[in-house]
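Heads up: the structure comes next, in C-alpha cells.
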Number of protein chains: 2
Amino acid sequence: MLNYSVSEENYIKAIFHLQEQAGTVTTNELAGELSTKPASVTDMLKKLKAKKLLHYQPYQGFRLSADGNKVALGVVRRHRLWEYFLSVKLKFSWDEIHEVAEDLEHVSSKKLIDKLDEFLGFPRFDPHGDPIPDINGNIIASKTICLQELTPDTRAIVSNIKDQSTQMLEVLQHKSIGIGTRLEIRRKFEYDKSMEVKIGRLPVITISEHLAKNIFVQAI
Amino acid sequence: MLNYSVSEENYIKAIFHLQEQAGTVTTNELAGELSTKPASVTDMLKKLKAKKLLHYQPYQGFRLSADGNKVALGVVRRHRLWEYFLSVKLKFSWDEIHEVAEDLEHVSSKKLIDKLDEFLGFPRFDPHGDPIPDINGNIIASKTICLQELTPDTRAIVSNIKDQSTQMLEVLQHKSIGIGTRLEIRRKFEYDKSMEVKIGRLPVITISEHLAKNIFVQAI
DNA sequence: AAATAAATTTAGACAAAGCTAAAAAAATAA
DNA sequence: TTATTTTTTTAGCTTTGTCTAAATTTATTT
C-alpha cells in the first residue's frame, strides 16, 4: 500500500463522506467541506486522478475509484479507532475527540493501527456510533437507530448515547451498558413503553422509555 | 505555546540531542544527523533564529535559546511517552517503537499528551531508559547505570532491561520487576555477587549477578 | 434561443522545505 | 604567511499545496 500526504488523505476522506450521500461530488461541495477554494480542489483532483484514486472528468463531478475507496477506508479506520481510544482510554469528552483524531489519523503505520485495534478489543463502533472498518477495510453498513424502535427478539450493539449527563452515565454504569454492549430485546410493554433487555449472561434488566430514547444501537 | 512544523520540530529535537554532548552544534553535524544537506540546514537555522529559538551567528555554530529548549523538551516528552505507550500497552518490541514515535511526537495537542501521561501512570523513563520530561518540561538528569554497580542502601528506578528473552521476562514477572519499578539495594554478597533487593512492601528478593547485569536503573 | 448567472478550470504567484552548484569564510598545511 | 582544504553560506531551481483573478463551461432565465 502506497503512502499519501496529509492533504491527499484529507481530500480522499472528505470525498468518501460526501459521496455517501449523493453518490457523486462537486468541486464546490468539496471546497466547502475542506474550507478551501474551488481552484485548490481542482488542482488536487488532477493529482488524485493521475494516481488513479478518482474517477473525474472536468466539469462533470467526481467519485473515488476502487483504490481511492480503499485508501479512504484506511483513513476512516484510523480516525475512528483513535476516537475510541481517546474516549474510552483517555477519558476525553465526546466533543473533544474529533479534532485530535484528525491529526492522529495521518500517522500511517499499519502495525500501529492493527495493534491499537487489538488493544482496544476490536471495537466495531466509534463513540459517535459510526462503524469502524476492520483490518481488511470491511465496514458494517447497518445504520444507527434508536433503541426504542427495536422489537422483541432483535439483537443490537450499543453505538451511541445521546444524553451524556452524570445521571445518565450513573444509570448506564449500573445497568452495565456502554458503547459496544451487545444486547437482545426480550419484551416491550405498551403500558409505559418500557422494555426488557438481556445483556450477555446478566439477569434481564428493564429500560424505561426515557432511557431507551437516548440510546442508539446498530441492529445485528 | 505556538505551533511549529514537523520539520522545525525535527531540527529542534536534533539540535537538542547534539548539543547535549558538545554544548554547541555545527551545520555539518546537524545535516548528518537529519540526513539532509548543509545548505538546507542553513536555511532552517535562519528561520529558527528569526523565531528566537536559536542562538546563531553565521559560521559560528549554534545552540538552542531558552525558548528553543522548551520546544525541544515538549517534543522529547511526546516522543518518549508514545514510546512507553507503544511498548507497554501495544506490546511493540523495543526496536520498533522509535520509528512510530517519530510520527506520533508531532501530534501537538497538549491535552492529549497530558492525558496520555496520566493514563500511563506518569512514567519517568521510556523503554530505552531515557527520562521523560514532566508536564512542566522538567527532566531527570541522572543517567542509566547497571544494577550490578549499585551499593547497599541505594534506591533506584528500573529504566531498561537489556536481554528481552522469554526466560528473562519470566524471571522478571516472577520477581515483580518491570520498567519503572522502584527498588532499594539491601545487601550484596561478594561470594556469588548476588544482591538482596526490596521492592515496595514485598518480601526481600535475591537477584543473581547474571540478572543484575541485564537490568539498568536510574539512581535516585 | 440568447442572455445572464453559477460553477469550474486555467494561469500565474507565493510560502515551505528541500536540492545543486558556486561563492565566501574559516581552518589547516606548507 | 600564503596556499589549500574544509566548512558554511548564498543563489537559484523544484515540488507540494495553497491562493487570486481571469477565462471557460454549464446551468438557468427570460
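Below, chain A is the first sequence line, B the second, and so on; all start at residue 1.
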Please list, pair by pair, any protein nitrogen or oxygen found under 3.5 Å from a nitrogen or oxygen in nucleotides 11-15 of chain C.
none

Presence of A:Ser40 side-chain N/O under 4.0 Å of D:dT18 phosphate oxygens OP1/OP2: no
Ion pair check, B:Arg77 and B:Asp117, cut-off under 4.0 Å: yes
Pairs where residues 2-18 of chain A contributes a residue and the test salt bridge (charged side-chain N to carboxylate O under 4.0 Å, His left out) is met, not counting sequence neighbours: A:Glu8-A:Lys51, A:Glu9-A:Arg78, A:Lys13-A:Glu102, A:Lys13-A:Glu105
With sequence neighbours excluded, residues passing side-chain contact (heavy atoms from CB on, under 4.5 Å) with A:Pro38: A:Thr27, A:Asn28, A:Ala31
Touch class at under 4.0 angstrom, heavy-atom based, for A:Phe62 against every strand present: nothing
For B:Lys193, all residues meeting salt bridge (Lys or Arg N to Asp or Glu O under 4.0 Å), sequence neighbours excluded: none
Any residue of residues 26-38 of chain A with a heavy atom less than 4.0 Å from an atom of DNA chain D: A:Thr36, A:Lys37
With A:Glu209 via salt bridge (Lys or Arg N to Asp or Glu O under 4.0 Å) - residues at least two apart: A:Lys213
Rounded interatomic separation in angstrom, taking CG from A:Leu54 and P from C:dT8: 14 Å
Phosphate-side-chain proximity, A:Lys46 and C:dT10, N/O vs OP1/OP2 below 4.0 Å: yes
Listed partners of A:His210 passing ring-ring contact (aromatic ring centres under 6.0 Å, His included), at least two apart: none
side-chain contact (heavy atoms from CB on, under 4.5 Å) against A:Thr24, all qualifying residues, sequence neighbours excluded: none
Phosphate OP1/OP2 of C:dG18 contacted by B:Tyr11 side-chain N/O (<4.0 Å): yes
Results of side-chain contact (heavy atoms from CB on, under 4.5 Å) for A:Arg155 - residues two or more places apart only: A:Arg182, A:Glu184, A:Ile220
Integer-rounded Å distance: C:dT10 C1' and A:Leu45 CG: 14 Å
A:Gln60 side-chain N/O to D:dT26 phosphate OP1/OP2 under 4.0 Å: yes
Any B:Tyr59 side-chain N or O less than 4.0 Å from OP1/OP2 of C:dA23: no
Which residues share a side-chain contact (heavy atoms from CB on, under 4.5 Å) with A:Gln60, sequence neighbours left out: A:Gln57
Of all pairs that satisfy salt bridge (charged side-chain N to carboxylate O under 4.0 Å, His left out), the ones with a partner from residues 90-101 of chain B, not counting sequence neighbours: A:Lys111-B:Glu96
Selection: residues 2-10 of chain A, any non-hydrogen atom under 4.0 Å of DNA chain D: A:Ser5, A:Ser7
Rounded distance (Å) that lies between atom P of C:dT9 and atom CD of A:Gln57: 11 Å
Aromatic contact, A:Phe85 with B:Phe85 (centres under 6.0 Å): yes
